[in-house]
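Numbers here simply count residues along the sequence, with the first being 1.
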Amino acid sequence: MRKVTTEVLHNERVKFLRHLAQAGRRVSRGRELVFDEVMRSHGHFTAEELAKECLQKKLKVSRPTVFRVLHDLLEAGIIRETAFGDKHRHFEHVYDEKPHHHAQCIRCHKFIEFPDRKEDEVYHPYLEKQGFKILGHEMHFYGICRECQVKEV
């Protein structure tokens, strides 16, 4: 994961503020606090984890505000949602994105990211020929990580 430099943080904040203005939403202190907390987070996170983090840090933001700001950040293209088949949606930053996929251990829920191998070059032409407008794709593998396998023995 790329380090969040001052320049990256500034660019992401500008993108967020531009989105809020275009959506007719005001820049509230709560939105700013959640934005800052998201930018400090690393790896994958859920809305619940973010809300708990805000509560632990005694940030004055409600749980619904966290969920609304995550929606704003998704729309602004600052974070993306990843589906792992659990009940909770997971998010990750877009600024340091290199095309990648995910594998998740079904026991400890650890994530492994691995590089994209241009699978879209195989599937996109086929789907486009079928008249399907592709907005994105994800590939997920589920299994048991090495550490959990060792615990079994």
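Checked for salt-bridge contact, Glu147 and Lys110 meet the test: a charged N lies under 4.0 Å from a carboxylate O. By the 4.0 Å N-to-carboxylate-O rule, Glu49 lies too far from Lys52 to be salt-bridged with it.
Residues that satisfy the side-chain hydrogen bond (donor to acceptor under 3.5 Å, both in side chains) test with Glu128, not counting sequence neighbours, are absent from this structure. With sequence neighbours left out, the side chain to side chain contact (heavy atoms under 4.5 Å, CB included) criterion links Glu53 to Glu37, Gln56, Lys57. In this view, Gln22 and Arg18 satisfy the side chain to side chain contact (heavy atoms under 4.5 Å, CB included) rule, not counting sequence neighbours. The salt bridge (Lys or Arg N to Asp or Glu O under 4.0 Å) search around Glu75 returns Arg25, not counting sequence neighbours. Partners of Lys151 by side-chain hydrogen bond (donor to acceptor under 3.5 Å, both in side chains), not counting sequence neighbours: none found. In this structure, Tyr126 has no ring-ring contact (aromatic ring centres under 6.0 Å, His included) partners at least two apart in sequence or on a different chain. Not counting sequence neighbours, Asn11 has no partner by the side-chain hydrogen bond (donor to acceptor under 3.5 Å, both in side chains) test. Listed by chain and number, the residues in a side chain to side chain contact (heavy atoms under 4.5 Å, CB included) with Arg107 are Cys105, Ile144, Cys148, Glu152 (sequence neighbours excluded). In this structure, the side chain to side chain contact (heavy atoms under 4.5 Å, CB included) partners of Pro64, at least two apart in sequence or on a different chain, are Ser62, Arg68.
If you chain together hydrophobic residues whose side chains sit under 4.5 Å apart, Phe67 and Phe91 never meet in one group. Hydrophobic clustering (side-chain heavy atoms under 4.5 Å, transitive across Ile, Leu, Val, Met, Phe, Trp, Tyr) groups Leu74 together with Val38. By the rule that hydrophobic residues join a cluster once side-chain heavy atoms approach within less than 4.5 Å of another member, Ile112 and Phe45 end up as members of separate clusters.
Atom CD of Glu7 sits in a sparse spot, with 12 or fewer heavy atoms from other residues, nucleotides or ligands closer than 6.0 Å.
Note on residues 17-38: pairs passing ring-ring contact (aromatic ring centres under 6.0 Å, His included), not counting sequence neighbours, are Phe16-Phe35. Residue pairs meeting the salt bridge (Lys or Arg N to Asp or Glu O under 4.0 Å) criterion with at least one member in residues 58-67, sequence neighbours excluded: Glu48-Arg63.
In terms of heavy atoms, Val66 sits closest to Ala47 at CG1-O, 3.9 Å.
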